[in-house]
Colleague: 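Let me begin by handing over the structure; questions about it come next.
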Amino acid sequence: MKISIQNLQLKYGSFTAIENLNLDIEDGEALVLLGQSGCGKTSTMRCIAGLEEPTSGRIIIDDVVVFDSEKGINLPPNKRNVGMVFQSYAVWPHMTVAQNVAYSLKQKKLSRSEIDERVMEALTLVGLEPYADRGASLLSGGQMQRVALARSLVMRPSVLMLDEPLSNLDARLRDRLRVELREIQLQLGLTCVYVTHDQHEAFALADRIALLQGGRIVQMGAPQRMYEAPASASIAHFLGVSNIMDCTPEGTATGATTARVTNSGLTIESAQQASDAGASPKVCIRAEDLQITAMPTEHPNSWPGTVRVAGFQGNDIRYAIQLESGPELDALGGLRRGEQHKVGDRVWVTVNPREVQILPAEVLA
Amino acid sequence: MSLKTTEAATGAEARLAPKPEPRDYRSARTLAGLRKNTPGLIVLVILGVLIVLPLPWSCLRHPRTASPGRAASPWAA
């Protein structure tokens, strides 16, 4: 079901949690609201669900106006047909798995046979049918989250909302559930709104990501596009770019840019045009785009330095390299790529000018 | 297609589960269509008052504290 949010604003006293937010979510789309704590992503989701009353704006779900501040429309949450999965599961511990899932159906006063049928259908979908009669307090974290998911799906919602549902699970289980959540969403063709602060989760689950900062959307797009072309240095930083330095960009005759890194003797060539840099420009380089070699290379961006830290991470080694020209760079060297250097080694760090981005510090309001 | 459930369900894991937030419980109940039953509570209180008030005051008093001039309460026996 399509969701349309128009000029949404939410204020708590003088604090503005959401500022003039406009967003359209297509039928069957998985939209991830990504951002740091306090950026307004959960508040936006709660406004859609009706659990929070916006100060102003309009929300339309499946051509039904569920909130309109001007016309005084505010449909109660249970009339909006939305399902929600919470970070803390919110599974009732005194009930069995089946009772938890059946709870909303009983409130709707459906027949016993229909309740049983729909509960088993939802439990089968999340792989919990053998646990139907087990007490919810005896379940593991992953199972509790599946109960919460079944409890939402059993209502056959128009929209499924997930508020950081994997944050409390261990890393392996989180990776597995991430894939399985995506499978269920695609299988049911559900419109999904997913809130997270984890960019890996966002990349894995989204058709589209809306990145929020300070209660407004600062960038929106497909995961790969967001990864390749962040709109500002602060977005790049949030998406995992670790080498961000203040610089002064200068255009070259070829249309490329030479960036002089502030307070150092380092100059970096970028294939990007200097005019794209915007206000307070910063040079951004991903750790995985840096190549570390024991000998100098012919490339324009090749600088000598010393390995200060080498941290083994399984497939990769994470290096902190102190450049002789000043700044320290964070670099990833792959064991499989045959690069292995020890602390104290003199190395050469190289980056392709196409991988160097010069971005404004922030997206202007 | 169904999810596989392989993780162990032990009491220890259940104890490690996050402390549920009251706001999440309230939200889950609201989404399920359960509202606070305030009108029901008010009716109960009114009914209680209506039943208790008509009873004579002396019936509620203990026999030992009853006034001396009055007939002994059946409780005195």
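Here is how names work: the chains are called A, B, and so on, in the same order as the sequence lines, proteins then strands, and each is numbered from 1.
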Colleague: Which answer fits A:Arg46, side chain, backbone, both or neither, if we ask what part of it has an atom under 4.5 Å from a heavy atom of chain B?
Modeller: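 Interface part for A:Arg46: side chain.
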Colleague: Any side-chain donor paired with an acceptor under 3.5 Å for A:Glu201 and A:Tyr194?
Modeller: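 Per modelled atom types, A:Glu201 and A:Tyr194 side chains form a pair under 3.5 Å.
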Colleague: Please say which of B:Leu44, B:Val49, B:Leu50 ends up in a side-chain contact (heavy atoms from CB on, under 4.5 Å) with B:Ile46.
Modeller: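 One option only clears the test, and that one is B:Leu50.
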Colleague: Judged by modelled atom types alone, do A:Arg146 and A:Gln143 share a side-chain donor-acceptor pair under 3.5 Å?
Modeller: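 On atom types as modelled, these side chains do not qualify, holding no pair under 3.5 Å.
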Colleague: Side chains of A:Thr96 and A:Asp133: donor-acceptor distance under 3.5 Å anywhere?
Modeller: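 Not at all, the side chains of A:Thr96 and A:Asp133 share no donor-acceptor pair under 3.5 Å.
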Colleague: Is chain B contacted by the side chain of A:Arg172, its backbone, both, or neither, given a heavy-atom distance below 4.5 Å?
Modeller: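 For A:Arg172, neither part sits under 4.5 Å from chain B.
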Colleague: Using non-hydrogen atoms only, which part of A:Val85 is less than 4.5 Å away from chain B: side chain, backbone, both, or neither?
Modeller: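 For A:Val85, there is no contact with chain B at all, as no heavy atom is under 4.5 Å.
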